[in-house]
Amino acid sequence: MRSAATTGSGRAGLTVRGEDFVADASGALYWPREKLLAVADLHFEKGSSFAARGVFLPPYDTRATLAALARLVAAYRPRRVVALGDSFHDPHGAARLAADDRASLAALQRGRDWLWIAGNHDPAPPAGLGGDAAQELLIGAVTFRHEPRPGAGEGEIAGHLHPAARVVGRSGSVRGRSFLSDGGRCVLPAFGAFAGGLNVRDAAFCALFGAAPAIAHVIGRAGVYAVPRLLCAPD
């Protein structure tokens, strides 16, 4: 894979509606002009949600996700953090947060604005936690929301679909989480430790991008790599 604006620190540049953003190899998107950090689909307490249904996963997903988020906040020192929906895996996830995890989240929120965007897994604001809540956020020509809308993509930054890309090379193939952007909109990868990924060649992305020259900014071991979506392989 050839990289586009990839750096040794695991960051790549991309543009949405003329605004410059940084796609971080963690799966977060940073907007330098606004000092805004956006993360999608944290899915806190997915492990405990599955456990309640008799499917037992290691119960450390929330802690791992918070630790990754803490590293990002320390690196970028954002003025605002926007969580793009499905921050909790179910409407009761906030109530199941361990005391240590609540304290970690409160520390991340301290001294900055924090916005919970409503998602399909968590349509109501999380009770008892800091921050504000909204259906979407508009800043200039850029709109932050959970679910991307076909036909309304200009300036849209969203999550929900968990994009991932499979790239085939001479020695085999690799699959990784991916940002997906055509310059008009950007769909972020899921940030949560237990969140999966939907192939960027899936019909759900065709409905958004069609034959447009969308670029998959694929997260790899050494950085973020730009690959045209239509050159990515189906699963």
Side-chain angles (χ1 to χ4, degrees), residues 11-45 62 65-89 93-94 97 104-127 129-149 152-163 177-181 184-193 195 217 219 224:
R11 301 172 183 176
L14 62 82
T15 301
V16 177
R17 194 68 186 274
E19 295 284 350
D20 294 326
F21 291 84
V22 176
D24 191 274
S26 65
L29 190 70
Y30 182 63
W31 191 358
R33 183 172 71 82
E34 293 291 327
K35 295 184 178 179
L36 183 153
L37 185 71
V39 288
D41 300 278
L42 298 167
H43 283 274
F44 289 143
E45 293 304 306
T62 296
T65 301
L66 282 168
L69 194 50
R71 289 192 291 271
L72 274 174
V73 168
Y76 288 100
R77 299 186 179 277
R79 185 169 54 205
R80 173 183 282 177
V81 174
V82 178
L84 292 175
D86 286 3
S87 299
F88 292 86
H89 191 67
L97 277 178
S104 296
L105 179 58
L108 292 176
Q109 294 173 328
R110 196 170 298 125
R112 59 183 48 88
D113 295 332
W114 189 285
L115 182 65
W116 303 103
I117 298 290
N120 56 295
H121 281 257
D122 54 356
L129 300 179
D132 298 314
Q135 292 295 314
E136 59 183 41
L137 171 67
L138 176 64
I139 301 177
V142 178
T143 301
F144 296 86
R145 60 169 60 100
H146 175 60
E147 188 169 352
R149 299 178 183 175
E154 196 64 21
E156 178 183 77
I157 294 176
H160 181 62
L161 292 176
H162 301 205
R177 294 179 301 142
S178 176
F179 301 83
L180 189 59
S181 178
R185 65 149 48 99
C186 181
V187 182
L188 272 60
F191 193 86
H217 297 269
I219 297 170
V224 182

remark   = CG of Leu29 to CZ of Arg11, rounded to nearest 0.5 Å, is 12.5 Å
remark   = Between Pro78 and Leu37 the two heavy atoms that sit nearest each other are CB-CB, 3.9 Å
inquiry  = Going by ring pair (Phe, Tyr, Trp, His ring centres under 6.0 Å), name the residues that satisfy it together with His160, two or more places apart in sequence or in a different chain.
reply    = His146
ask   = Is any side-chain heavy atom of Phe144 closer than 4.5 Å to a side-chain heavy atom of Trp31?
value = yes
inquiry  = As an exercise, state the distance from CD of Glu136 to CG of Leu115, rounded to the nearest 0.5 Å.
reply    = 11.0 Å
task = For residues Val187 and Gly159, report the shortest heavy-atom separation together with the two atoms involved.
result = CG1-O, 3.7 Å
From CA spacing to verdict: side-chain contact (heavy atoms from CB on, under 4.5 Å), Ser181, Val16 = CA-CA 8 Å; Ser181 178; Val16 177; 4.2 Å; yes
key: Residues Glu45 and Thr62: side-chain donor-acceptor under 3.5 angstrom   = yes
note = Rounding to 0.5 Å, atoms SG (Cys186) and CG (Leu14) come to a distance of 5.0 Å
Heavy-atom closest contact (Arg177 atom, Ala190 atom, distance) = NH1-O, 2.9 Å
ask   = Looking only at heavy atoms, which two atoms of Phe179 and Ala28 are closest? And how far apart?
value = CZ-O, 3.3 Å
Over all atoms of both residues, closest heavy-atom pair of Val39 and Phe191 = CG1-CD1, 4.0 Å
query = Pick from Arg185, Arg149, Arg17: which one makes a side-chain hydrogen bond (donor to acceptor under 3.5 Å, both in side chains) with Glu156?
reply = Arg185
request  = Would you confirm whether Thr65, through its side chain, and Ala193, through its main-chain N or O, come within 3.5 Å as a donor-acceptor pair?
outcome  = yes
query = Once the angle between the rings of His43 and His89 is folded into 0 to 90°, is it parallel (under 30°), tilted (30 to 60°) or perpendicular (over 60°)?
reply = tilted
Residue pairs involving residues 29-44 (criterion salt bridge (charged side-chain N to carboxylate O under 4.0 Å, His left out); sequence neighbours excluded) = Glu19-Arg33
message = Between Ile219 and Pro189, is there a side-chain heavy-atom distance shorter than 4.5 Å?
response = yes
message = Would you compute the distance between atom CG of Leu42 and atom CG of Leu69 and round it to the nearest 0.5 angstrom?
response = 6.5 Å
key: Donor-acceptor pair, side chain of Arg112 and main chain of Leu108, under 3.5 angstrom   = yes
All side-chain contact (heavy atoms from CB on, under 4.5 Å) counterparts of Pro32, not counting sequence neighbours = Val22, Tyr30
message = Under the rule for side-chain contact (heavy atoms from CB on, under 4.5 Å), what residues qualify as partners of Ala118, not counting sequence neighbours?
response = Gln135
request  = Please identify each residue that fulfils side-chain contact (heavy atoms from CB on, under 4.5 Å) with Arg80, with sequence neighbours left out.
outcome  = Leu36, Val82, Asp113, Leu137, Ile139
remark   = dist Arg145:CZ -> Ile157:CD1 (nearest 0.5 Å) comes out at 11.0 Å
ask   = CG of Leu188 to NE2 of His217: how many Å apart, nearest 0.5 Å?
value = 11.0 Å
message = According to ring pair (Phe, Tyr, Trp, His ring centres under 6.0 Å), who are the partners of Phe88, at least two apart in sequence or on a separate chain?
response = Phe44, Trp116
